[in-house]
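Taking it in order: structure first as structure tokens, then the write-up.
Values reported hereafter were calculated over all heavy atoms of this structure, with side chains retained and with hydrogens, waters and symmetry mates removed. Sequential numbering from 1 along the given sequence is applied to the chain's residues.
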Amino acid sequence: MQEQHLHIICLDVPYPVDYGGVFDLFYKIKALHEAGVNIHLHCFEYGRGQQSALNQYCVEVNYYPRVKGIRSFIGSTPYIVASRGHADLIANLQKDNYPILMEGIHCTNFVQAGILPKERCFIRLHNVEYQYYNQLYNTSTSVIKRLYFKRESRLLKAYEAQLSDKVSGIWTVSEKDLQLYQQEFGYQNIDYLPLYLPEYQAEWNNQDGQFCLYHGNLSVPENEHAAIWLLEEIFSQLDIPFVIAGKNPSARLEKLAQQYSNTCLVANPDETEMHELIKKAQVNILPSFNSTGIKLKLINALYMGKHCLVNDAGVEGSGLNSTCAIANSKQEMKTAIEALFHQPFDYSQFEERRLLLESLFNNKRNAEQMINWIFNHEPTIPGAVAAKRLQNIL
């Protein structure tokens, strides 16, 4: 059998696996390596450092700085793309004819320029980026950031509209994103591929929890907005213990949490501590103000936790609706919290959830499908994989 070599370009260094954006990146590399693919990894490094742990999965790992500053703001290319254009990366890609997998719109700078043939080029989309940046614009409180997010959203929409003609295949992380790219931009060479995840096992826990939990990277404006909304609009009117946990909470959020006697803020928990919080919570509450992509924190809560309460935006297009309680208005959220906090999480709910998660998330199967797409030139039929997987579930 001929050796299979693949270039993978990551928008960030995909290790350590300590925030949601790198889970799919790292566990994809691991799964493809275990399937026999020789990976030539290219990372943009801007603070996470070079990571020797990646060498065990890759035949080579290359690091590049982002091109920050005014140079990347000039012109019509979005900043997240322009700042990841590097001459050394292009030179390395031109040394051979191996296929190239770009992780996110962020890594497509050379595709836009038409430097390499489309037959070599594939994209994994993590979000509908123009929508994501518009939602950051809506939730940010900084005037400067709002101006940046609005400009980036406008440029990204124009950029994403014409990208599919320049690559061979594109895969989204959710069915909702798949449908949007098909319907709004007319993408044809696109399909849905579920997230790559750690080798989770759904865990049954029959002990009642003593608090409700919201968790996430609290330095992300959307997550801080959700935490503050839950504090001010929901738990300020409930006599139920509430825990907020996550990375780098702002001074504003810390001060606000101190004002409520039923609230505890856990800043920068390590992985073990976070998992324990998720397991011990009676209700994991994860409303979202951003409906693109798929929320890794929700998947973590479904594997490890008991009741999960979300709004429509938190599960739309994920296939996980049946595993969660859903509430959208403030009153619906308060009513649902009061009910779920006093309702045991029974084994039948756990088993239904476990079966659905196992049917959706399978790294080995995902890697085999990706290899067929990239190396065996299996045609990508819009929505084919999503439709087949949904049929199997039903």
Side-chain angles (χ1 to χ4, degrees), residues 176 200 202-216 218 222-246 253 256-257 259-266 269 274-291 294-358 360 393:
K176 179 176 183 293
Y200 287 143
E203 301 179 23
W204 166 241
N205 181 353
N206 62 355
Q207 295 184 344
D208 290 341
Q210 303 301 313
F211 57 88
C212 296
L213 173 69
Y214 175 82
H215 76 278
L218 299 174
E222 178 207 345
N223 293 341
E224 181 182 67
H225 179 70
I228 291 174
W229 182 80
L230 285 169
L231 267 175
E232 294 185 330
E233 304 295 339
I234 307 300
F235 281 92
S236 64
Q237 301 170 41
L238 295 175
D239 187 22
I240 290 175
F242 180 44
V243 176
I244 300 169
L253 181 57
L256 188 62
Q259 296 176 15
Y260 298 96
S261 60
N262 64 335
T263 298
C264 172
L265 176 63
V266 180
M274 180 65 85
H275 288 177
E276 284 301 307
L277 287 169
I278 293 171
K279 292 174 187 178
K280 291 178 179 178
Q282 180 67 6
V283 189
N284 281 272
I285 307 172
L286 295 165
S288 177
F289 296 90
N290 169 10
S291 60
I294 188 166
K295 310 301 183 286
L296 185 67
K297 54 181 177 269
L298 171 60
I299 295 172
N300 286 336
L302 290 172
Y303 270 105
M304 300 178 213
K306 302 180 184 68
H307 297 295
C308 290
L309 177 60
V310 299
N311 57 358
D312 284 331
V315 289
E316 190 173 3
S318 69
L320 298 169
N321 304 54
S322 65
T323 65
C324 304
I326 298 175
N328 290 301
S329 70
K330 297 175 187 177
Q331 187 55 53
E332 287 175 350
M333 190 70 68
K334 285 185 282 189
T335 300
I337 289 169
E338 289 180 310
L340 293 172
F341 187 70
H342 298 98
Q343 176 182 316
F345 182 66
D346 63 46
Y347 188 78
S348 64
Q349 292 174 284
F350 163 79
E351 187 64 9
E352 179 183 351
R353 177 187 292 180
R354 182 186 67 80
L355 292 172
L356 178 59
L357 291 170
E358 288 180 358
L360 284 173
I393 293 170

Of the non-hydrogen atoms in N262 and L238, which two are nearest, and what is the gap between them? ND2-O, 3.1 Å
Between P287 and A226, the two heavy atoms sitting closest are O-CB, 4.0 Å
Go through the steps for Y260 and F242 under the test side-chain contact (heavy atoms from CB on, under 4.5 Å), then give the verdict. CA-CA 9 Å; Y260 298 96; F242 180 44; over 6 Å; no
Go through T323 and E352 one step at a time and tell me if the side-chain contact (heavy atoms from CB on, under 4.5 Å) criterion holds. CA-CA 8 Å; T323 65; E352 179 183 351; over 6 Å; no
Which residues pass the side-chain hydrogen bond (donor to acceptor under 3.5 Å, both in side chains) test with E358, not counting sequence neighbours? R354
Are the side chain of N284 and the backbone N or O of C308 linked by a donor-acceptor pair below 3.5 Å? no
From C324 SG over to N311 CG, what is the distance, rounded to the nearest 0.5 angstrom? 10.5 Å
Kindly indicate, with the supporting measurements, whether the criterion side-chain contact (heavy atoms from CB on, under 4.5 Å) is fulfilled by F235 and C212. CA-CA 10 Å; F235 281 92; C212 296; 3.7 Å; yes
I285 versus M333, closest heavy-atom pair with distance: CG2-SD, 4.2 Å
Enter the distance from F341:CZ to L309:CG here, rounded to the nearest 0.5 Å. 13.5 Å
What distance do K334 atom NZ and S236 atom OG have between them, rounded to the nearest 0.5 Å? 7.5 Å
Identify the two heavy atoms, one from L320 and one from L302, that lie closest to each other, and give their separation to 0.1 Å. CD1-CD1, 3.9 Å
Of Q282, Q343, Q349, which is the lone residue that meets side-chain contact (heavy atoms from CB on, under 4.5 Å) with K306? Q282
Exercise: identify the closest heavy-atom pair between L356 and S322: CD2-OG, 3.7 Å
Tell me if a side-chain donor or acceptor on D312 pairs with a main-chain N or O of N328 at a distance below 3.5 Å. no
So, taking the atom named CD in E232 and the one named CD in Q237, what distance separates them when rounded to the nearest 0.5 Å? 11.0 Å
Please round to the nearest 0.5 Å and tell me the distance separating atom CD1 of I244 and atom CG of L231. 4.0 Å
Side chain to side chain contact (heavy atoms under 4.5 Å, CB included) against P269, all qualifying residues, sequence neighbours excluded: A245, V266, E273, M274
Restricting to non-hydrogen atoms, name the atom on L360 and the atom on G319 that form the minimum distance, rounded to 0.1 Å. CD1-O, 4.1 Å
Between atom OH of Y200 and atom CG of N300, what is the distance when rounded to the nearest 0.5 Å? 3.5 Å
Specify whether W204 and F345 have parallel, tilted or perpendicular ring planes, treating 30° as the upper limit for parallel and 60° as the lower limit for perpendicular. tilted
Can you tell me if CG on D346 sees more than 12 non-hydrogen neighbours from other groups inside 6.0 Å? yes
Which pairs with one or both residues in residues 206-216 pass side chain to side chain donor-acceptor pair (under 3.5 Å), sequence neighbours excluded? Y214-N223
